[in-house]
Protein chains: 2
Amino acid sequence: MSSESPKRLLFRQFAAVAKAVAHEHRLELLEALAQGERNVELLANRTGMSVANTSQHLQQMRRAGLIESRREGKFTFYRLSDPAVLDLLAALTRIGERHVGEVDKIVRTYFLSRDELEPVSRSELLARMKDGDVLVIDVRPQDEFASGHLPNAINIPLEELEAQLATLDTKKEIVAYCRGAYCVLSFDMVERLRARGFKARRLEDGWPEWQAAGLPVVV
Amino acid sequence: MSSESPKRLLFRQFAAVAKAVAHEHRLELLEALAQGERNVELLANRTGMSVANTSQHLQQMRRAGLIESRREGKFTFYRLSDPAVLDLLAALTRIGERHVGEVDKIVRTYFLSRDELEPVSRSELLARMKDGDVLVIDVRPQDEFASGHLPNAINIPLEELEAQLATLDTKKEIVAYCRGAYCVLSFDMVERLRARGFKARRLEDGWPEWQAAGLPVVV
DNA sequence: ATATCAATCAATCAAATAATTGAATATTGT
DNA sequence: ACAATATTCAATTATTTGATTGATTGATAT
């Protein structure tokens, strides 16, 4: 009977959107989807969850408006519904970094090398790409690279570094990137390259942020 | 024993931040705090929740890093910890507006007059304020006005409109604003003013957004 | 038609969350 | 010291949420 205030009704809806991101596994799925459109099984494999569980989480996010799906033959492909989802994730990350002690602790423990690796900003990388004196390596898996990547980037997943070493131009400085600021792939890549005498640094974040910033891409 | 991946650990923390916003009442508290620093009892009264319940929700958000508190005598004052909290709320709102059918339905039902009221954008208002040909009315309660407001705005809560009517300059166009895009106070104010023959419009959103945009304010 | 595969659904159990109540703390004023 | 006030804490109950399992649907290929 009680007709509630419209504001309360709206907050209930917005809270439902927030609930849909408020889970460890769903954040991981969103990070994966930020690399490009993916089907359920691949997402399940990449996150280590069961297919049924993955499907349920995806549907929950779809109901909340975070993602959309498209059926193609036997496969259902999911994708982010809106660039605002990236804004949402960015805000969450920023708040966590600045105001949650645990986050700082984890970063210090696992990403200590961060400072030493002197990450390259997006604008700096863009400038150096124009000068052509930098080699950009995308460390993500092939399928993510194929969904979109930086111009002139070459795709070298960690396990393929050995095989590709000989082909690398030893004169250019290398900049490696992957899924985002806390994706460890580019950290590992830079460490391995430096161990072999290359001059290598990380991009400050990853593909989703580059794309969201409206910088030039190859799709 | 299993030491989990750092990314997983970070996502757990970010999910905790998201959980802290993922509740109707907590969103309402955040909206209230976006107007300025407030103590527990006032927040409880404004949201219609019990003091104990309000306190618990506030502590939950504090643990998650969304808000901070400060003790002054008998009172505990809470405030948003970071402008990124406003970004988070803005992203939630945007996703809800664009991708949740219910939101659209609620807006159509309760805010139908929205289009007719032709809201004024922040930049348009700013320009007209410089020309000095507009009267800006802040429709929020006194305490929220006192915590900060637009330059040259006068504070007229709805219940005081009658008493203040005579003092209004009938030649200027009026722009009313309150807490945000879905705050009904300014809608009501514009309707009442128009019923009395004034030329009146709404600001597209409210005080938190104006402040977040870095526009000139009076604090 | 039948087998195969991707994805979803339905049912279950375990765990986490929210609101309520009354007691407990901390600060101020008498 | 004592009472009054603002806030927090602790315990309880009802509700919601998440993971798992196995069955089911829908599309493709043989």
Side-chain angles (χ1 to χ4, degrees), chain A residues 2 4 8 11-30 32-33 36-64 66-79 102 143, chain B residues 2 4 8 11-30 32-33 37-79 102 143:
Chain A
S2 72
E4 282 182 285
R8 183 65 64 90
F11 279 151
R12 186 167 305 156
Q13 299 302 320
F14 298 148
V17 177
K19 257 180 206 158
V21 276
H23 192 286
E24 200 180 334
H25 289 162
R26 290 195 288 269
L27 285 175
E28 206 169 350
L29 290 169
L30 288 175
L33 291 172
E37 196 183 56
R38 291 291 177 277
N39 68 19
V40 180
E41 197 171 26
L42 191 147
L43 290 168
N45 292 339
R46 199 138 292 171
T47 58
M49 303 162 63
S50 76
V51 171
N53 197 6
T54 302
S55 173
Q56 302 215 30
H57 281 301
L58 289 170
Q59 286 173 70
Q60 199 172 333
M61 291 196 285
R62 183 175 50 192
R63 280 192 298 272
L66 292 168
I67 61 180
E68 293 170 344
S69 67
R70 166 181 80 82
R71 180 122 197 184
E72 187 179 308
K74 291 197 283 191
F75 301 89
T76 305
F77 289 93
Y78 283 91
R79 62 178 178 280
E102 269 306 304
D143 63 305
Chain B
S2 73
E4 282 182 285
R8 184 66 63 91
F11 279 152
R12 187 167 304 159
Q13 299 302 321
F14 299 148
V17 177
K19 258 179 205 158
V21 277
H23 192 285
E24 201 179 332
H25 289 162
R26 291 196 287 269
L27 285 175
E28 207 169 351
L29 289 169
L30 288 175
L33 290 172
E37 197 184 53
R38 291 290 177 279
N39 68 18
V40 180
E41 197 172 25
L42 191 147
L43 290 168
N45 292 339
R46 198 138 293 172
T47 58
M49 303 162 62
S50 76
V51 171
N53 197 4
T54 303
S55 174
Q56 303 218 31
H57 282 301
L58 289 170
Q59 286 174 69
Q60 199 172 334
M61 291 196 284
R62 183 175 51 192
R63 281 193 297 272
L66 291 169
I67 61 180
E68 292 169 345
S69 67
R70 165 180 79 82
R71 179 122 196 181
E72 187 179 307
K74 291 196 284 192
F75 301 90
T76 305
F77 289 93
Y78 284 91
R79 63 178 176 282
E102 270 306 304
D143 63 305

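Per chain, numbering begins at 1; letters A, B, ... match sequence-line order.
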Exercise for review: Write down the distance between CG (B/N53) and P (D/dT13), rounded to a whole number of angstrom.
Suggested key: 18 Å

Practice item. Could you state the atom-to-atom distance from CD of B/Q56 to P of C/dA23 in whole Å? Key: 16 Å

Point to revise | Below 4.0 Å: OP1/OP2 of C/dA18 and any side-chain N or O of B/R26 | key: yes

Exercise for review: Select from B/V51 and A/H57 the residue whose nearest nucleotide in DNA chain D is closer to the 5' end of that strand.
Suggested key: B/V51

Exercise for review: Please work out if B/E24 contacts a base, only the sugar-phosphate, or nothing of the nucleic acid, heavy-atom cut-off 4.0 Å.
Suggested key: nothing

Review point. Tell me: CD of B/E41 to P of D/dT8, nearest whole Å?
Key: 12 Å

Review point. Parallel, tilted or perpendicular: which describes the rings of A/F14 and A/F11, with under 30° parallel and over 60° perpendicular?
Key: perpendicular

Practice item. Tell me which of A/Y78 and A/K19 sits closer to the 5' end of DNA chain C, going by the nucleotide each one is nearest to. Key: A/Y78

Check your understanding: If you round to the nearest 0.5 Å, how far is CD of A/E68 from CG of A/L58?
Key -> 13.5 Å

Check your understanding: Are B/R70 and B/E72 within salt-bridge range, i.e. N to O under 4.0 Å?
Key -> yes

Point to revise | Separation of D/dT8 P from B/Q59 CD (nearest whole Å) | key: 5 Å

Practice item. Would you classify A/S55 as touching base, sugar-phosphate or nothing, given that sugar-phosphate means primed atoms plus P, OP1 and OP2, and contacts are heavy atoms under 4.0 Å? Key: base

Point to revise | Atom-pair distance (CE on A/M49; P on C/dA7), nearest Å | key: 14 Å

Exercise for review: Using whole Å, report how far CZ of A/R63 lies from C1' of C/dC9.
Suggested key: 11 Å

Exercise for review: For B/K74 and for A/F77, find the nucleotide of DNA chain C with the closest heavy atom, then tell me which residue's nucleotide is more 5'.
Suggested key: A/F77

Check your understanding: Taking the six-membered ring for Trp, are A/F75 and A/F77 parallel (under 30°), tilted (30 to 60°) or perpendicular (over 60°)?
Key -> tilted

Exercise for review: Output yes when A/R8 and B/E28 qualify as a salt bridge under the 4.0 Å nitrogen-oxygen rule, no when they do not.
Suggested key: yes

Point to revise | Rounded distance (Å) that lies between atom C1' of D/dT16 and atom NE2 of B/H23 | key: 11 Å

Exercise for review: For B/L43 and D/dT8, give me the distance from atom CG to atom P, rounded to whole Å.
Suggested key: 11 Å

